[in-house]
There are 2 protein chains.
Amino acid sequence: MQEKINIGLVEDQFLFRQGMKAILSAWPDIAVVFEAAEGYTVVEKLKGSNVIPHVMLVDLSLPPDGAREFSGKEVTIALLKNFPDIKIIILSGHEHESFIAQLIESGAHGYLVKDCDPDEVHDAILSVCTKGSYINTRTLKAIQNNIGRKTKVHSIRSAVEQLTKREEEILQLICNQLTTDEIAEKLFLSPKTVNGHRNSLLEKTGAKNVAGLVLYAIKNGIAEVG
Amino acid sequence: MQEKINIGLVEDQFLFRQGMKAILSAWPDIAVVFEAAEGYTVVEKLKGSNVIPHVMLVDLSLPPDGAREFSGKEVTIALLKNFPDIKIIILSGHEHESFIAQLIESGAHGYLVKDCDPDEVHDAILSVCTKGSYINTRTLKAIQNNIGRKTKVHSIRSAVEQLTKREEEILQLICNQLTTDEIAEKLFLSPKTVNGHRNSLLEKTGAKNVAGLVLYAIKNGIAEVG
DNA sequence: CCGGAAACAGGTAGAAATACCTGTTTTTGA
DNA sequence: TCAAAAACAGGTATTTCTACCTGTTTCCGG
């Protein structure tokens, strides 16, 4: 008998995790050997574990609990850094194409929507093990669309550039409905400086105004709705 | 042997649905007899069915496919109208308290977060069947918080009032990053009129500026992030 | 049929944001 | 250590938004 493929689950919703376990366990060639609900504990937990999964299924929309942000993207990067042999498949709900592309660029080996067939999960797992990656047509299209979009949004550079720490900070405060002057006061800066960052934000995100900035922030996990 | 409780699942994510089915089927007193992926087909499908579920588990975050919006809230209302005997339990991911309160007000009999224990699902199902409802402390707190919040946001009236059709329409366009003049042109209105609606929006939502409006829109399903 | 809400439209004023510049200092990475 | 990027700060001009008013018309429910 062939050795089983060891699977790790990173998913905050307990119900979904249990469900996935039930689904995966139905295949004789698959064993779920690791589970985690929060992103930031994954690497630590794995280091203390004696069984390292071959494939990790990571939920994209892990909530950024508390202060620290540790979404599916961060988990992917951290995992690849510490366990370069682990194959990573991203699971996502109703996410956005631009984000998927980012994930793949971050080094994820596969991508699945939660609204897929259980068989597809099995396929994906086998595929990342044997071929090293799994990209279905849907994902491919998303990536292509996104790349296509990138070049036409503003300039070739702008969309690829990512925000700096300060810019993210200010974007968050904008989402908190603070005005430029209020932000300046809060961060002990000149309003002119904040204004500069604001302009950079509009430039980099391709947003037309605050509405666009807020949407961008939410889409990219910089701000939350609640 | 006692009769089984018939369960219906309304959940767009196929994987989650399968998982839930697996979990639910593990209990001998429960049978999954109905499934739907989209909200707007539920009532129709049920009318054509000869087995009516006793309890419906409805995903709150059903995506508003295409033009028509038919989220968990609409499904709840439609179900209660057509099948008043069905008990409805809302399932939600990382949703917002204010929304939960709305759901309960819409007539849902119970509320569960997706990050709960499978046992809790079982408890909830039994509870809505025998006692007619299921509210855990977490939900109760959410509702109370929300009610508490309502009274202090702006005025007693403002937060309770809901937006008119026109206001929602304009809010959507604001989220699309249109300026007042652009909205006016698009809707064949005077910019002054749009301005008036804008002011009403700020007043009713308690938002301080567009950022607040966008957040409100997303929180209440009027606009989407993608 | 009447009252109230919604939608419409107008005005004035000031606050805030956006679009362009310019430059210096500090941090960081190759 | 050297160059690039980030953060900082300033100026000017214009657009857009927000906060107050005023009023009319239309439509719907009691």
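Below, chains carry the letters A, B, ... as their sequence lines are ordered, and counting in each starts from 1.
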Could you state the atom-to-atom distance from [atom1] of [X] to [atom2] of [N] in whole Å?
X      : N      : atom1 : atom2 : result
A/R166 : D/dA9  : CZ    : C1'   : 13 Å
A/I170 : C/dA17 : CD1   : C1'   : 14 Å
B/E203 : C/dA6  : CD    : P     : 12 Å
B/L201 : C/dC8  : CG    : P     : 13 Å
B/K192 : C/dA9  : NZ    : P     : 12 Å
B/H197 : C/dA6  : NE2   : P     : 11 Å
A/Q177 : D/dT18 : CD    : P     : 10 Å
A/N209 : D/dT15 : CG    : C1'   : 12 Å

Any [X] side-chain nitrogen or oxygen under 4.0 Å from OP1 or OP2 of [N]:
X      : N      : value
A/T164 : D/dA5  : no
A/T193 : D/dA9  : yes
A/T179 : C/dA15 : no

Using every non-hydrogen atom in the two residues, find where [X] and [Y] come nearest and quote the distance to one decimal.
X      : Y      : value
A/L215 : B/C175 : CD1-O, 3.2 Å
A/S190 : A/A184 : C-CB, 3.9 Å
A/R17  : A/L9   : O-CD1, 3.8 Å

Just distance, no hydrogens or angles: give the donor-acceptor pairs under 3.5 Å from side chains in residues 46-58 of chain A, sequence neighbours left out.
residue : atom : partner : partner atom : Å
A/K47   : NZ   : A/N82   : OD1          : 3.4
A/S49   : OG   : A/V51   : N            : 3.2
A/S49   : OG   : A/V51   : O            : 3.0
A/H54   : ND1  : A/N6    : N            : 2.9

Would you mind building the protein contact string for nucleotides 23-30 of chain C? One character per nucleotide, 5' to 3', B for base within reach (heavy atoms under 4.0 Å), S for sugar-phosphate only, - for untouched. --------
Quick check against the 3.5 Å criterion: does [X] have a side-chain atom that pairs as donor or acceptor with the backbone of [Y]?
X      : Y      : value
B/E203 : B/S200 : no
B/K45  : B/E35  : yes
A/Q172 : A/I222 : yes

Go through residues 180-191 of chain A and report each residue with a non-hydrogen atom lying under 4.0 Å from DNA chain D, sorted by number. A/L189, A/S190
Drop me the distance from A/Y216's OH to A/K204's NZ, to the nearest 0.5 angstrom. 9.0 Å
Could you measure the distance from the CD1 atom of A/I7 to the CD1 atom of A/I5? Nearest 0.5 Å is fine. 6.0 Å
Could you list the protein-to-nucleotides 24-28 of chain D atom pairs, N/O on both sides, closer than 3.5 Å?
none

Minimum-distance nucleotide to A/R198 side chain [options: D/dA9, C/dT18, C/dA9]: C/dT18
Residues which pass salt bridge (Lys or Arg N to Asp or Glu O under 4.0 Å) with B/E44, listed by chain and number, not counting sequence neighbours: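 Applying salt bridge (Lys or Arg N to Asp or Glu O under 4.0 Å) to B/E44 gives none.
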Identify, with sequence neighbours excluded, every residue that meets salt bridge (Lys or Arg N to Asp or Glu O under 4.0 Å) alongside A/K208.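 By the salt bridge (Lys or Arg N to Asp or Glu O under 4.0 Å) rule, A/K208 matches B/E182.
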Any residue meeting side chain to side chain donor-acceptor pair (under 3.5 Å) with [X], in chain and number order, not counting sequence neighbours:
X      : answer
B/E169 : B/R166
A/T180 : A/R198
A/Q177 : none
A/K186 : none

Could you list the protein-to-nucleotides 19-21 of chain D atom pairs, N/O on both sides, closer than 3.5 Å?
none

Sort out for me which residue in B/T193, B/N195, B/L173, B/N176 forms a side-chain contact (heavy atoms from CB on, under 4.5 Å) with B/I183. B/L173
For the helix from C/dC1-D/dG30 to C/dA30-D/dT1, what angle lies between the axis at the first five pairs and the axis at the last five pairs, to 10 degrees?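 Computed angle between terminal axes is 70°.
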Do B/L187 and B/V194 make a side-chain contact, defined as non-hydrogen atoms from C-beta onward lying under 4.5 Å apart? no
